[in-house]
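A short write-up of the structure that comes next.
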Amino acid sequence: MLFIVVHLLFVNQNTAMALVNNDAIPLIRKSCAVTRYPDTCVSVLEGDPCSRIAPDIKNLTRISMDIVYKEAIELKSLFIKARECVTDPVLKRNIDFCIREFETCSFNMKTYGIPRVENGDYEGAINEVFYCIDCSSNCTNAGTKLFNKEIETFFNFSTVAIDLSLSV
Ligand SMILES: *[C@@H]1O[C@H](CO)[C@@H](O)[C@H](O)[C@H]1NC(C)=O
Ligand SMILES: *[C@@H]1O[C@H](CO)[C@@H](O)[C@H](O)[C@H]1NC(C)=O
Ligand SMILES: *[C@@H]1O[C@H](CO)[C@@H](O)[C@H](O)[C@H]1NC(C)=O
């Protein structure tokens, strides 16, 4: 008898906890927990209106690819604006290099990465994100010392997009 009561208590408690957890940990936090940069993942996705209403991990992954694309466009335009204020020819050349890297990255995301994730080809989409990570570290290595924080966020979030794709 005692056993049954204890058993019932245990089961009820587990059920109650599962419900509380589902309530308290929405999709973004649950999905971000498996990524390598959970803090970047949560802050970027919680700042995005589409991901706040994403119904499932598939949609969240698709949205994370959109964000990688948009961040690459944003970085490209930051370098284009900085270029207008630069006279040093070496710095100008290195900025041009970064503009080309983020241009290539955004072009590939739009042309291949996003369509692939839409078709469920996560492996193919991941390759395009890896390519973008290459572009961003090539830009950093070019030594402009510009927008390092933004590039780091881009790197962190691209890694997040890969990890989300792997978890679908
Ligand atoms: C998933 O996200 C995209 C934005 O990338 C949106 O257009 C689409 O409607 C969403 N799908 C669902 C099923 O909510
Ligand atoms: C990055 O630089 C390496 C070394 O120069 C080069 O082989 C590679 O193609 C570059 N990657 C991209 C994406 O531009
Ligand atoms: C990228 O992630 C690392 C490790 O979590 C963190 O220390 C760093 O601040 C992040 N960078 C940015 C710009 O968010």
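First listed ligand is number 1; within each ligand, the first listed atom is number 1.
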>> To check your reading of the model: name the closest protein heavy atom to atom 5 (O) of ligand 3, its residue, and the distance in Å.
In response: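 Nearest neighbour among protein heavy atoms for atom 5 (O) of ligand 3, to 0.1 Å: Tyr37 CD2, 3.6 Å.
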>> For atom 6 (C) of ligand 1, what is the closest protein heavy atom, and at what distance to 0.1 Å?
In response: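 Ranking protein heavy atoms by distance from atom 6 (C) of ligand 1, first comes Asn59 ND2, 4.4 Å.
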>> As an exercise, identify every atom of ligand 3 less than 4.0 angstrom from a heavy atom of Lys149.
In response: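 In order of numbering, the contacting atoms are 13 (C).
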Atoms of ligand 1, numbered as shown, that sit under 4.0 Å from any heavy atom of [X]:
X	result
Arg62	5 (O)
Asp66	4 (C), 5 (O)
Ile63	2 (O), 5 (O)

> Listed by chain and number, what are the salt bridge (charged side-chain N to carboxylate O under 4.0 Å, His left out) partners of Arg116, not counting sequence neighbours?
Replying inline: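 Per chain and number, Arg116 pairs via salt bridge (charged side-chain N to carboxylate O under 4.0 Å, His left out) with Glu128.
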> Going through the distances and angles, do Phe154 and Cys139 end up as a side-chain contact (heavy atoms from CB on, under 4.5 Å)?
Replying inline: CA-CA 12 Å; Phe154 180 79; Cys139 169; over 6 Å; no
> Quick check: does Glu101 get an N/O under 3.5 Å from an N/O on ligand 2?
Replying inline: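 Among all N and O atoms of Glu101, at least one is under 3.5 Å from an N or O of ligand 2.
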> Would you say Thr153 touches ligand 3, if touching means a heavy atom closer than 4.0 Å?
Replying inline: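 It does, in that a heavy atom of Thr153 comes within the 4.0 Å cut-off of ligand 3.
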Counting heavy atoms only, which of [options] comes nearest to [atom]?
atom	options	answer
atom 1 (C) of ligand 3	Asn156, Ile151, Thr159, Asn148	Asn156
atom 3 (C) of ligand 2	Asn141, Asn138, Thr104	Asn138
atom 8 (C) of ligand 3	Glu150, Glu152, Arg36	Glu152

> Can you name the closest pair of heavy atoms from Ser106 and Ala72 and give their distance?
Replying inline: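 Here Ser106 and Ala72 meet closest at CB-CB, 4.0 Å.
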> Out of Thr159, Asp163, Asn156, which one pairs with Arg36 under the side-chain hydrogen bond (donor to acceptor under 3.5 Å, both in side chains) rule?
Replying inline: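 Per the side-chain hydrogen bond (donor to acceptor under 3.5 Å, both in side chains) rule, the option paired with Arg36 is Asp163, out of Thr159, Asp163, Asn156.
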>> I want to check something: taking the side chain as every heavy atom from C-beta on, are Glu150 and Glu71 in contact at a cut-off of under 4.5 Å?
In response: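 In short, these two side chains do not touch, never coming nearer than 4.5 Å.
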> For Cys135 and Cys105, is the interatomic SG distance under 2.5 angstrom?
Replying inline: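 No, no disulfide: SG-SG not under 2.5 Å.
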> Should Pro55 be listed as contacting ligand 1, given a heavy-atom distance under 4.0 Å as the test?
Replying inline: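 The answer is yes, since Pro55 has a heavy atom less than 4.0 Å from ligand 1.
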>> Can you check atom 11 (N) of ligand 1: any protein non-hydrogen atom closer than 4.0 Å?
In response: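 Under the 4.0 Å cut-off, atom 11 (N) of ligand 1 does have protein heavy-atom neighbours.
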>> For the CD atom of Glu123 and the OG atom of Ser165, what is their distance to the nearest 0.5 Å?
In response: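 Rounded to the nearest 0.5 Å, the CD-OG separation comes out at 11.0 Å.
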>> Can you confirm whether or not the ring centre of Tyr112 sits under 6.0 Å from the ring centre of Tyr131?
In response: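 Not under 6.0 Å, so no.
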> Salt-bridged, Asp66 to Arg62, with N to O below 4.0 Å?
Replying inline: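 Judged by the 4.0 Å cut-off on N to carboxylate O distance, Asp66 and Arg62 do form a salt bridge.
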